[in-house]
Number of protein chains: 2
Amino acid sequence: MRGICSDRVRPRQRILDTARNLFRKYGIKGIGVEAIAEAAETNKMTLYRHFGSKDELIAECLREAANRACDIWCDLEAQNPGDALAQVKGWVRIGAERVLSEGRGCDLANAAVELPDGDHPAKRVIQEFKVEQRNRLADLCRRAGLQNPDLVSDTLSLLLEGARVNRQSVGPDGPCAQFVAAAEAVIAASQRRPETLIADDRAR
Amino acid sequence: MRGICSDRVRPRQRILDTARNLFRKYGIKGIGVEAIAEAAETNKMTLYRHFGSKDELIAECLREAANRACDIWCDLEAQNPGDALAQVKGWVRIGAERVLSEGRGCDLANAAVELPDGDHPAKRVIQEFKVEQRNRLADLCRRAGLQNPDLVSDTLSLLLEGARVNRQSVGPDGPCAQFVAAAEAVIAASQRRPETLIADDRAR
DNA sequence: GATGGAAGTTACCGATCGGTAACATCCTCG
DNA sequence: CGAGGATGTTACCGATCGGTAACTTCCATC
């Protein structure tokens with residue numbers, strides 16, 4: 001009588017997927033473990049047997065979200081093999097799609113806002129994820145031959161992070177609508193002489 | 001036996017100040033009304049007589065935070081009377097100070113992350129605040145004679161919003177450390193020919 | 001000094017929270 | 001088939017949540 005496919009997914013994975021969705025929808029503190037277990041078509045005991053605590057479930061969800069986000073780097077390389085500049089532009093495009101389509105920002109950044117407690121097991125996951133993303137983008141900008149690659153990559157990071165969080169406050173017609181234009185301007189400027197990106201008004 | 005000064009502040013204001021601090025420290029959903037009342041050296045009944053519900057207290061706190069944030073526009077004008085460009089740069093400087101010193105982002109943006117519920121009374125406060133900030137900065141950029149003032153102001157907004165939220169994930173040494181450099185580069189670029197900001201590689 | 005409103009106190013409500021014990025059932029694999 | 005581990009079920013725990021009732025005390029004002 002069981003479903004052909006969906007119920008063949010083990011409870012652990014069902015819980016993870018369901019929890020990620022509900023955390024996004026209601027916020028981490030806005031949904032309880034019992035509701036998560038029921039939505040995952042299982043029960044609280046099974047949830048606790050797999051994850052031990054709500055905090056660990058949160059951390060595991062974020063680990064999965066981080067791994068999923070890391071896949072985009074493979075996709076970028078696969079779609080633009082060897083062309084680092086195209087990959088940077090692809091990063092902007094993918095980011096823009098997320099900003100426009102999702103409505104809720106980065107799971108890990110949102111979790112950092114909701115969990116100011118410094119001892120929470122999720123904090124380490126968040127920190128490591130963000131550091132890795134930063135390094136990867138910086139490396140990409142370097143390989144793309146952009147001027148001031150570290151500054152450009154951090155600028156792009158801030159623009160995307162700002163767009164995703166700002167959309168949650170203002171909606172899709174706010175400043176986030178300019179994310180692509182802003183990012184492209186930054187990239188374009190850094191393809192010229194370095195002085196163009198740094199304040200420097202001396203005559204040619 | 002009462003304190004000379006601090007206890008002369010009415011309970012309503014004590015509650016608002018305390019709630020703002022505790023919301024910042026523990027998150028909106030991470031602190032209860034009873035704890036807020038006690039920290040404000042009063043009690044739950046008085047809190048509810050003044051605000052009616054926790055949700056309304058949240059909204060009122062954000063209203064106050066928004067009003068306080070609006071004071072910076074007066075300060076900018078007072079410190080740089082008539083010099084719109086200097087005010088834009090002052091906006092960057094003040095934003096950088098907040099990023100570096102506060103450690104926790106914009107109260108209103110954080111609240112938007114913690115309260116995905118669209119019917120929450122705080123949502124309207126957040127939206128109106130962010131829209132007003134956007135309009136004011138855009139107006140400032142226009143008066144400063146910058147090229148593409150709307151694009152520049154939204155870019156600056158995204159950079160600041162990104163810096164404040166990213167700091168909560170990565171800490172002060174992450175991409176947010178480049179906020180000033182990024183913002184100044186954007187401003188500098190928009191002081192030149194418009195083509196400098198928009199992708200345009202034609203020869204001179 | 002009397003009065004009225006603001007504030008404090010205590011106790012309580014139902015609901016929900018995260019988390020656990022004990023036991024029944026299922027499914028897989030040897 | 002049999003056995004053992006994974007899963008389901010039910011009931012329960014203490015704590016805390018947001019919110020309220022009833023009553024007392026304070027304090028400024030007239």
In whole angstroms, the gap separating P of C/dA7 from CZ of B/Phe51 amounts to 10 Å
Consider only side-chain N and O atoms of A/Thr46 and A/Asn43, and report whether a donor and an acceptor are under 3.5 Å apart.
yes
Of the listed D/dG8, C/dT20, D/dT20, the closest approach to the A/Arg49 side chain comes from D/dG8
Separation of D/dG5 atom C1' from A/Arg12 atom CZ, nearest Å, is 17 Å
Separation of C/dG8 atom C1' from B/Ile15 atom CD1, nearest Å, is 12 Å
Tabulate protein N/O versus nucleotide N/O from nucleotides 13-18 of chain D, keeping only pairs under 3.5 Å, one per line.
{"from": "D/dG18", "atom 1": "OP1", "to": "B/Lys54", "atom 2": "NZ", "distance (Å)": "2.6"}
{"from": "D/dG18", "atom 1": "OP2", "to": "B/Val33", "atom 2": "N", "distance (Å)": "3.0"}

**Item:** N/O (side chain, A/His50) to phosphate O (OP1/OP2, D/dA6) under 4.0 Å
**Value:** no
In this structure, OG1 of B/Thr155 is separated from CG of B/Asp150 (nearest 0.5 Å) by 10.0 Å
Test your reading of the model: is there a side-chain donor-acceptor pair from A/Arg24 to the backbone of A/Arg104, 3.5 Å cut-off?
yes
Are side-chain N/O atoms of A/Asp17 and A/Gln13 paired as donor and acceptor at under 3.5 Å?
yes
Distance col, row A/Gln133:CD vs A/Trp73:CH2, nearest 0.5 angstrom, shows 5.5 Å
Side-chain atoms of B/Arg14 come closest, of D/dG8, C/dG8, C/dA7, to C/dG8
A/Asn43 CG to C/dG19 P, in whole Å, measures 16 Å
Rounded to whole Å, CE of B/Met45 lies from C1' of D/dA21 at a distance of 8 Å
If only side-chain N and O atoms of B/Thr46 are considered, is one of them under 4.0 Å from the OP1 or OP2 phosphate oxygen of C/dG8? yes
Applying side chain to side chain donor-acceptor pair (under 3.5 Å) to B/Asp75 and not counting sequence neighbours gives none
